[in-house]
Amino acid sequence: MPELPEVETIARGLAKRVTGDVIESVWLGSKPEPLKSPAEHIVETLEGARISAVGRMGKHIVFDLERPKQQAAAKGKRREAQVEGSRAQWVVHLGMTGQMLVCKPDAEIEKHTHAIAKLKSGRELRFVDPRRFGRLSVARNGDFETVGVEPLDVDLARFVELFRGRKTPIKSALLNQKLLRGVGNIYADESLFRAGIRPRRRAATITREQLEKLYESVRQVLKEAIKLGGSSISDYVDPEGKEGFFQLRHRVYGREGEPCLVCRTSVKRTVIAGRSSHYCPKCQK
DNA sequence: ACTATTTCCTGGATGC
DNA sequence: TGCATCCAGGAAATAG
């Protein structure tokens, strides 16, 4: 379940391996494709493009693409002709189980492979996603906007403002990508534990002081997790096949019934907005 | 304008 | 052992 730290780790790994490479051809799997843009649009945008950078926005991996000039000239008859030397992005959301793999072309094609981009270097970028919650799309430069703010960029004042007047539980607000982007179930629970706030607390009832603590907690948890390469639960590994280690630092997530690491009280689990939520009833108010 | 709930999807875990 | 059922959850869609 890639959240911000995992996606950041993945994007860095991909950047290291495919920056500067050129996409020569693209294959998209049949059936209901996990696409947010029309298939032809994706193929047209990716083929021939050079990957100039790989980054992250919220939980999205963003490949920055440069389209060569001669490409546009040679295919002049194309209706939606590419502007010369145009820029675009390939945006990938991994959903729950998505993976972006860099493979040798002779590597066995895994079940649930939905897209393959052949690279000039001879390798392939493959998108594999058993549960099909992941999504692929393309955008022209600047088109890919997400509404929420980056937790690691936002300042305290704007962070506090996000929750003003919201009756929804703070846990739901943290998961709402239109407010804050990149925080998922694990990091929401871990942040709330560190801030001493119960997940069901209505956002609007949280004091300024507590919100300041939450602001620091969210950022601290995310930074620490990035440093450790994310949380490896189920079978998450980064593009180099390495596991993350933040799961060893989880204080409440997945620890139902186990003693709180601070006060030994049994960690409780409840469901909020359809998501399991873990907390210590004594440490969190 | 918000908020809450349902839906999508498959593999692994659990239960009888 | 085998089969059915449940559960995980991001975000879009739907309902209130």
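Here is how names work: the chains are called A, B, and so on, in the same order as the sequence lines, proteins then strands, and each is numbered from 1.
Remark: Ala204(A) engages no residue in a side-chain contact (heavy atoms from CB on, under 4.5 Å) (not counting sequence neighbours). Applying the side-chain contact (heavy atoms from CB on, under 4.5 Å) test to Ala139(A) and every residue at least two apart in sequence or in another chain returns Gln89(A), Asp143(A), Phe144(A). Applying the ring-ring contact (aromatic ring centres under 6.0 Å, His included) rule to Phe193(A) yields no partners; only residues at least two apart in sequence or on another chain are considered. Remark: Arg255(A) engages Glu258(A) in a salt bridge (Lys or Arg N to Asp or Glu O under 4.0 Å) (not counting sequence neighbours). The side-chain contact (heavy atoms from CB on, under 4.5 Å) check on Arg194(A) picks up Ser217(A), Gln220(A), Val221(A), Glu224(A), Phe246(A), Arg251(A), with sequence neighbours excluded. Considering only residues two or more places apart in sequence or on other chains, Arg123(A) meets the salt bridge (Lys or Arg N to Asp or Glu O under 4.0 Å) condition with Asp21(A).
Phosphate contact (OP1/OP2 of dC9(B), side-chain N/O of His112(A), threshold under 4.0 Å): absent.
Using five terminal pairs a side, the axes of the helix from dC2(B)-dG16(C) to dC16(B)-dG2(C) at its two ends make an angle of 50°, given in steps of 10 degrees.
Within the 4.5 Å cutoff, side-chain heavy atoms of Ile61(A) are placed close to those of Met100(A).
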Pairs under 3.5 Å (N/O, protein and nucleotides 9-13 of chain C):
residue	atom	partner	partner atom	Å
dG9(C)	OP1	Asn185(A)	ND2	3.3
dG9(C)	OP1	Tyr253(A)	OH	2.3
dG9(C)	OP2	Ser276(A)	OG	2.9
dG9(C)	N2	Arg131(A)	NH1	3.4
dG10(C)	O3'	His93(A)	NE2	3.2
dG10(C)	N7	Arg275(A)	NH2	2.5
dG10(C)	O6	Arg275(A)	NH2	3.4
dA11(C)	OP1	His93(A)	NE2	2.5
dA11(C)	OP2	Lys59(A)	NZ	3.2
dA11(C)	OP2	Gln177(A)	NE2	3.4
dA11(C)	N6	Arg275(A)	NH2	3.0

With the criterion being N/O to N/O and under 3.5 Å, what pairs connect the protein with nucleotides 1-4 of chain B, and how long is each?
residue	atom	partner	partner atom	Å
dT3(B)	OP1	Lys167(A)	N	2.9
dT3(B)	OP2	Arg166(A)	NH1	2.8
dA4(B)	OP1	Arg202(A)	NH1	3.3
dA4(B)	OP2	Thr168(A)	OG1	2.8

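Screening residues 203-218 of chain A for salt bridge (charged side-chain N to carboxylate O under 4.0 Å, His left out), with sequence neighbours left out, gives Arg208(A)-Glu212(A).
Straight-line distance from the CG atom of Asp129(A) to the P atom of dG11(B): 11 Å, rounded to whole Å.
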For a quick test of your reading: what N or O donor-acceptor pairs under 3.5 Å do the side chains of residues 261-274 of chain A make, sequence neighbours left out?
residue	atom	partner	partner atom	Å
Lys268(A)	NZ	Ser266(A)	O	3.4
Arg269(A)	NE	Glu256(A)	OE1	3.4
Thr270(A)	OG1	Arg200(A)	NH2	2.5

Listing, residues 162-171 of chain A side-chain donor-acceptor contacts under 3.5 Å, not counting sequence neighbours, or none:
residue	atom	partner	partner atom	Å
Arg164(A)	NE	Glu161(A)	OE1	3.4
Arg164(A)	NE	Glu161(A)	OE2	2.8
Arg164(A)	NH2	Glu161(A)	OE1	3.2
Arg166(A)	NE	Leu162(A)	O	3.0
Lys171(A)	NZ	Asn185(A)	OD1	2.7
Lys171(A)	NZ	Asp189(A)	OD1	2.7
Lys171(A)	NZ	Ser276(A)	O	3.3
Lys171(A)	NZ	Ser277(A)	OG	2.8

